[in-house]
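Okay, so here's the structure we're looking at.
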Amino acid sequence: MSRTALVTGITGQDGSYLAELLLSKGYEVHGIVRRASTFNSERLDRIYQDPHESNRRLFLHYGDLTDSVALVNLLRDVQPNEVYHLGAQSHVKVSFEIPEYTAEATGVGTIRILEAIRAAKLDTRFYQASSSEMFGSTPPPQNEQTPFHPRSPYGVAKVFGYWAAVNYREAYDMYTVNGILFNHESPRRGETFVTRKITRAVARIKHGLQDKVYLGNLEARRDWGYAPEYVEGMWRMLQADEPGDYVLATGVAASVRDFAEAAFTAVGLPWENHVEVDPNYYRPAEVDHLRGDASKAQEVLGWKAETDWRGLAALMAQADCAQVEDELAGRRVRIDRH
């Protein structure tokens, strides 16, 4: 029988890749979309189905993680077998500027979804998108047993969501899992996130549209992987016999400086001629080094990251170069090349 999944944050990087994966596996997929005056679903262009089509399996619903009534109604109507909770205010730097909203959407939003499932008495498996930012200043390598020490309102809100999922598992015997994903990127990453900011600038510099890119802390080290591989890990977590919590990571860290150098090198440019540091991009509290240990995911789920950070930087830089070429040629731009 066809299975039904509900995805919050379906219009984001992870949500779009996950929707494609679930559709390829025969799921009926429902996604929550925030109402906006401009189109915000371009990442779904490749799989979008017109509401008038027969036999369609992708459905989009307006909703918001701050609206508990809408969430209860939607879950009651859809009755999904699986819920993938990816929606959040997910920009770490921005979370310092809007901490209260970040707490409401990223933290309390998780409780609202869990309560909606419980209130509807659904037999639903729930995936909580946790984050390596929860570890903050705890030294690497970080795994499922590593203590949390978040260094941003975003990290704090994610810790709240993590423990909410654990609490509902223990208190109500709900099937809830936490995917503690380390940084995962792609050509669909938002342009304000540092990796995409770099590769987008690489492409524009390559084509003579700008000369510099301004970055913050070049020494911050992150464990960067490829997003499509990570959504496969999310799905595998909800297929396990018993619920649990899993780190997904490559096990290798690189600095922002390293990533920038690799991206520029991929298109034959000297990075040091084009990168400038702007202290305005520093965070009030920095996270120096995140590097994950995904041994449990490999042992229990059979999941392992395949793309390293150098390959990722080159892939993203080349995709952005192709996109800029399309823009300059006046061709319709798509961001679903990869």
Side-chain angles (χ1 to χ4, degrees), residues 13-14 85-86 88 90-93 95-96 102 106-107 110 127-167 169 176-186 189 193-195 216-227 229-234 236-237 240 243-259 283-310 312-313:
Q13 169 190 256
D14 291 4
H85 179 37
L86 313 183
S90 59
H91 199 288
V92 176
K93 178 66 164 61
S95 76
F96 285 100
T102 299
T106 306
T110 304
Y127 172 87
Q128 163 64 7
S130 292
S131 168
S132 60
E133 288 288 332
M134 301 187 306
F135 296 121
S137 61
T138 306
Q142 295 100 357
N143 62 25
E144 295 83 3
Q145 306 305 317
T146 303
F148 300 138
H149 189 154
R151 298 270 287 169
S152 66
Y154 170 76
V156 171
K158 281 295 186 181
V159 170
F160 181 95
Y162 171 94
W163 284 115
V166 171
N167 181 246
R169 183 197 308 160
T176 66
V177 306
N178 281 290
I180 309 173
L181 273 55
F182 281 64
N183 295 65
H184 46 290
E185 318 294 320
S186 76
R189 182 54 119 169
F193 289 81
V194 67
T195 51
N217 180 9
L218 297 181
E219 308 311 321
R221 301 182 67 82
R222 295 293 184 271
D223 185 328
W224 279 303
Y226 187 35
E229 297 170 7
Y230 284 58
V231 300
E232 169 74 24
M234 297 177 189
R236 292 191 185 194
M237 290 180 205
D245 306 316
Y246 299 90
V247 162
L248 298 187
T250 71
V252 179
S255 67
V256 174
R257 183 191 304 273
D258 293 333
F259 192 95
R283 301 175 185 176
E286 291 284 346
V287 174
D288 296 324
H289 193 171
L290 296 175
R291 176 167 55 88
D293 173 8
S295 300
K296 179 181 176 182
Q298 184 171 358
E299 178 182 347
V300 178
L301 307 176
W303 182 91
K304 184 179 180 181
E306 301 295 338
T307 305
D308 65 14
W309 64 269
R310 288 186 184 278
L312 177 65

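Computed from a prediction, not measured in an experiment: that's the story for all the values here. Scope of the values below: all heavy atoms of this structure, side chains included, with no hydrogens, waters or symmetry mates.
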query = With a 4.5 Å heavy-atom cut-off, do Gln128 and Thr176 have their side chains touching?
reply = no

Enumerate, atom names and distances included, each donor-acceptor pair closer than 3.5 Å involving a side-chain atom of residues 156-166, sequence neighbours excluded.
from, atom 1, to, atom 2, distance (Å)
Lys158, NZ, Ala129, O, 2.5
Tyr162, OH, Asp245, OD2, 3.4

message = For Ala249 versus Ala305, what's the shortest heavy-atom pair and its separation?
response = O-CB, 3.9 Å

Spatial distance of atom CH2 (Trp309) from atom CG (Asp258) [nearest 0.5 Å] = 4.5 Å

task = Under the side chain to side chain contact (heavy atoms under 4.5 Å, CB included) rule, what do His184 and Leu312 come out as? Steps first, then yes or no, please.
result = CA-CA 9 Å; His184 46 290; Leu312 177 65; over 6 Å; no

query = Shortest non-hydrogen contact from Trp303 to Ala294?
reply = CZ3-CB, 4.2 Å

task = For side chain to side chain contact (heavy atoms under 4.5 Å, CB included), just list the numbers for Phe182 and Leu290, CA-CA rounded to whole Å, side-chain angles, deciding distance to a tenth of an Å, and then say yes or no.
result = CA-CA 8 Å; Phe182 281 64; Leu290 296 175; 3.9 Å; yes

message = Which residue in the set Asp308, Asn183, Thr307, Asp223 passes side-chain hydrogen bond (donor to acceptor under 3.5 Å, both in side chains) when paired with Thr250?
response = Asp223

task = Could you walk me through whether Tyr127 and Leu86 pass the side chain to side chain contact (heavy atoms under 4.5 Å, CB included) test, one step at a time?
result = CA-CA 8 Å; Tyr127 172 87; Leu86 313 183; 3.7 Å; yes

request  = List the atom of Arg221, the atom of Ala253, and the distance in Å for their closest heavy-atom pair.
outcome  = NH2-O, 3.1 Å

inquiry  = Distance check, rounded to the nearest 0.5 Å: Met234 atom CE versus Tyr246 atom OH?
reply    = 15.0 Å

4.5 Å side-chain heavy-atom contact, Thr106 and Tyr154 = yes

Note, Asn178 side chain near Arg169 side chain (heavy atom, < 4.5 Å) = yes

ask   = Do any N or O atoms from the side chain of Gln298 and from the backbone of Ser295 form a donor-acceptor pair under 3.5 angstrom?
value = no

query = Should Glu232 and Leu248 be marked as a side chain to side chain contact (heavy atoms under 4.5 Å, CB included) after you check the CA-CA gap, both sets of side-chain angles, and the distance that decides it?
reply = CA-CA 10 Å; Glu232 169 74 24; Leu248 298 187; over 6 Å; no

remark   = Interatomic distance, CD@Glu219 vs CG@Asp288, rounded to 0.5 Å, equals 10.0 Å

query = Which value, rounded to the nearest 0.5 Å, describes the distance between Leu301 atom CG and Arg236 atom CZ?
reply = 7.5 Å

Nearest non-hydrogen partners of Ser186 and Tyr226, listed with the distance = CB-CE1, 4.0 Å

ask   = Are any side-chain N or O atoms of Glu306 and backbone N or O atoms of Glu229, one a donor and one an acceptor, separated by less than 3.5 Å?
value = no

All N/O donor-acceptor pairs, side-chain side in residues 134-149, below 3.5 Å, sequence neighbours left out:
from, atom 1, to, atom 2, distance (Å)
Ser137, OG, His149, ND1, 3.1
Thr138, OG1, Phe135, O, 3.0
Thr138, OG1, Pro147, O, 3.0
Gln142, OE1, Arg291, N, 2.9
Gln142, NE2, Thr138, O, 2.8
Gln142, NE2, His289, O, 3.3
Asn143, OD1, Gln145, N, 2.8
Asn143, OD1, Thr146, N, 3.4
Asn143, OD1, Thr146, OG1, 3.3
Glu144, OE2, Val247, N, 2.8
Thr146, OG1, Asn143, N, 2.8
Thr146, OG1, Asn143, O, 3.3

task = Measure across Gly155 and Pro150 and return the closest heavy-atom pair with its distance rounded to 0.1 Å.
result = C-CB, 3.5 Å

message = Let me confirm one number: the OH-CG distance from Tyr230 to Asp14, rounded to the nearest 0.5 Å.
response = 10.5 Å

ask   = Would you say Arg310 has more than 12 foreign heavy atoms packed within less than 6.0 Å of its CZ?
value = no

request  = To the nearest 0.5 angstrom, please state how far the CZ atom of Arg222 sits from the CZ atom of Phe259.
outcome  = 13.0 Å

